[in-house]
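Notes to accompany the following structure.
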Amino acid sequence: MLGLYESGYTHLTSGNIAMLLIGAGLIYLGIARKMEPLLLVPIGFGIFMVNLPIAGIMVYTPEGLPALGGLKEIAEGKIGILNLLYYYGLNTELIPLLIFLGVGTLMDFRPTIARPISLIFGATAQLGVFVVFLIAYLSGVFTIKEAACIGIIGGSDGPPTVYLTVVLAPVLLGPITMVAYSYMALVPILQPPVIRLLTTKKERRIMMKPQIRKVSQLELILFPIVVFIVATILVPKCAPLVGMLMFGNLLRVSGVTDRLANAGSILNDILILLLGICVGGLMPAQVFFNPRTLVIIGLAVLAFIFSTAGGLLTAKLINLFLKEKINPIIGAAGVSAIPMAARVAQAEGQKANKKNYLLMHALGPNMAGAIGTALVAGIFMGMLQ
Amino acid sequence: MIDWNLAFLIAGAGYGITISVLLIISVIIWIITLVTKKEKIPK
């Protein structure tokens with residue numbers, strides 16, 4: 001009988017059961033639907049880990065934040081193993097930064113360099129970040145720091161979102177990260193209606209030459225160096241994020257550091273695993289079932305819509321001054337979500353004109369979006385930290 | 001208390017800075033492209 005009272009069964013709340021269902025849903029989406037499986041499966045299992053009562057895998061403060069501590073606190077039973085991962089990985093900002101390094105080793109900036117105007121789409125597609133920041137803050141539901149972290153979901157880039165939220169609003173890290181990564185997987189559903197609403201069929205039919213120009217090795221090497229130096233001089237707080245991204249990319253393109261670039265991409269997989277399980281661990285029922293979480297879910301949709309519109313409308317505006325028109329759909333790929341947003345542009349372009357191959361053109365704004373979101377994170381940190 | 005001025009200042013300046021920085025970078029990249037192309041011509 002005593003054993004039954006010590007079991008988790010008697011402590012299981014309806015909130016825990018609902019969270020277990022959400023965790024199962026994420027694992028299902030990851031495995032069966034192949035939606036961001038590398039993240040949704042660990043997040044889903046992390047949710048299981050912290051919603052089975054008395055297991056003590058993650059211990060929280062009364063404010064809903066993970067209790068901090070190291071090996072000594074683990075030995076004393078004051079914290080769980082996930083607290084340790086959170087403390088060393090997220091609280092120190094190490095995991096999102098190193099993931100960005102790994103992302104840099106995987107990114108091919110040739111389409112961006114071949115058409116530098118792509119960088120403008122990567123910037124204007126941050127519109128949703130700032131619109132939703134305003135809505136979230138002016139609604140009175142969130143503080144100004146929390147509003148910034150909710151807004152940056154619209155940048156559709158995981159590491160800057162995690163990095164900014166750890167710094168400005170760690171209590172929202174669980175819901176924000178889960179919403180950000182889930183919605184990134186939903187880009188093929190969220191973007192097409194906005195694209196069709198804001199463009200005419202004639203605009204979507206605009207043909208672009210299938211090939212982009214050849215980019216030299218010198219240009220490839222100079223790109224990460226120029227981006228890092230200029231961005232850091234103008235927005236110093238973006239240095240950790242942009243620096244890691246560009247360092248990773250330099251390793252890739254230098255032609256002499258292939259082994260380091262490979263190590264970066266392997267490191268990326270390990271860190272994504274740790275990030276996923278940590279983020280899942282930040283979603284106990286008492287934190288997740290909060291009206292504010294539902295508001296974040298709604299605001300994130302708005303952020304994606306406005307960001308898509310920002311890139312798209314800029315492409316239409318620029319077309320007014322260009323002799324050889326660009327297909328405005330590629331502007332929508334300025335929301336990062338690499339490479340999903342570029343694939344959406346390709347699919348929508350082909351629906352309007354079967355001869356259209358927009359993928360390479362859309363990858364330019366797509367890559368630029370990653371730089372744009374890292375910049376925005378630095379701007380918010382400079383203004384609000 | 002909600003500070004409307006601060007919110008609009010951060011949003012406006014933030015968006016403006018983002019566009020300006022990437023615009024500057026795109027111009028530099030475009031110049032580098034022109035310079036490296038010109039260097040290839042004498043060869």
Side-chain angles (χ1 to χ4, degrees), chain A residues 109 112-127 129-140 143-144 147-148 151 155 213 215-219 222-223 226-231 233-235 238 242 310 314 334 368-369 371-373 375-376 378-380 382-384, chain B:
Chain A
F109 281 106
T112 314
I113 301 168
R115 193 189 294 272
I117 208 169
S118 301
L119 287 157
I120 309 297
F121 304 141
T124 54
Q126 306 301 320
L127 178 67
V129 176
F130 294 101
V131 170
V132 166
F133 158 72
L134 276 178
I135 296 171
Y137 176 57
L138 298 179
S139 69
T143 66
I144 199 160
R213 74 168 177 85
V215 174
S216 69
Q217 174 82 4
L218 180 61
E219 287 173 274
L222 287 176
F223 183 80
V226 167
V227 170
F228 176 57
I229 291 173
V230 175
I233 287 173
L234 297 174
V235 184
C238 77
V242 176
T314 308
I371 303 172
T373 311
L375 264 177
V376 169
I379 291 168
F380 274 138
M383 289 175 171
L384 297 171
Chain B
M1 198 179 124
I2 295 168
D3 188 339
W4 286 69
N5 287 340
L6 179 66
F8 279 100
L9 181 73
I10 289 174
Y15 197 41
I17 293 169
T18 308
I19 294 172
S20 308
V21 173
L22 285 175
L23 183 65
I24 291 167
I25 292 172
S26 67
V27 170
I28 296 172
I29 298 300
W30 176 65
I31 292 169
I32 288 172
T33 302
L34 288 182
V35 172
T36 51
K37 264 185 188 171
K38 271 186 184 170
E39 276 177 357
K40 281 177 187 170
I41 291 167
K43 288 177 186 175

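Being a predicted model, the structure only gives us computed values, none of them experimental. Chain naming here is simple, since letters A, B, ... match the order of the sequence lines and numbering starts at 1 in each.
- Proximity of Ile120(A) to Leu23(B): side-chain heavy atoms (C-beta onward) are separated by under 4.5 Å at one or more points.
- For chain B, the nearby parts of Ile113(A) are the backbone and the side chain; heavy atoms of each come within less than 4.5 Å.
- Heavy-atom minimum distance, Ser26(B) versus Pro116(A): CB-O, 3.2 Å.
- Chosen from Leu134(A), Val230(A), Leu234(A), the residue pairing most often with chain B at heavy-atom distances under 4.5 Å is Leu134(A).
- Ile10(B) places a side-chain heavy atom less than 4.5 Å from the side chain of Ile144(A).
- When Ile117(A), Thr124(A), Val226(A) are compared by the number of non-hydrogen pairs under 4.5 Å with chain B, Thr124(A) comes out ahead.
- For the ring-ring contact (aromatic ring centres under 6.0 Å, His included) test, residues two or more places apart in sequence or in another chain that qualify with Tyr15(B) are Phe130(A).
- Of the atoms belonging to Ile2(B), heavy atoms from both backbone and side chain fall under 4.5 Å from chain A.
- To the nearest 0.5 angstrom, Ile19(B) atom CD1 is 11.5 Å from Leu375(A) atom CG.
- For a residue to count as touching a neighbouring chain, one of its non-hydrogen atoms must lie under 4.5 Å from one of that chain's; by this rule Val235(A) touches chain B with the side chain only.
- Heavy-atom distances place the side chain of Ile379(A), and not its backbone, under 4.5 Å from chain B.
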When you look at Ile17(B) and Met383(A), which way does the side-chain contact (heavy atoms from CB on, under 4.5 Å) test go after all the steps? CA-CA 12 Å; Ile17(B) 293 169; Met383(A) 289 175 171; 4.2 Å; yes
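- Residues satisfying the side-chain contact (heavy atoms from CB on, under 4.5 Å) test with Ile233(A), not counting sequence neighbours, are Ile229(A).
- Taking CZ of Phe121(A) as the start and CG of Leu22(B) as the end, the distance is 12.5 Å to the nearest 0.5 Å.
- Both the backbone and the side chain of Leu138(A) come within less than 4.5 Å of a heavy atom of chain B.
- A heavy-atom distance below 4.5 Å is found between the side chains of Tyr137(A) and Asp3(B).
- To the nearest 0.5 Å, the span separating CD1 on Ile32(B) from CG on Leu222(A) amounts to 5.0 Å.
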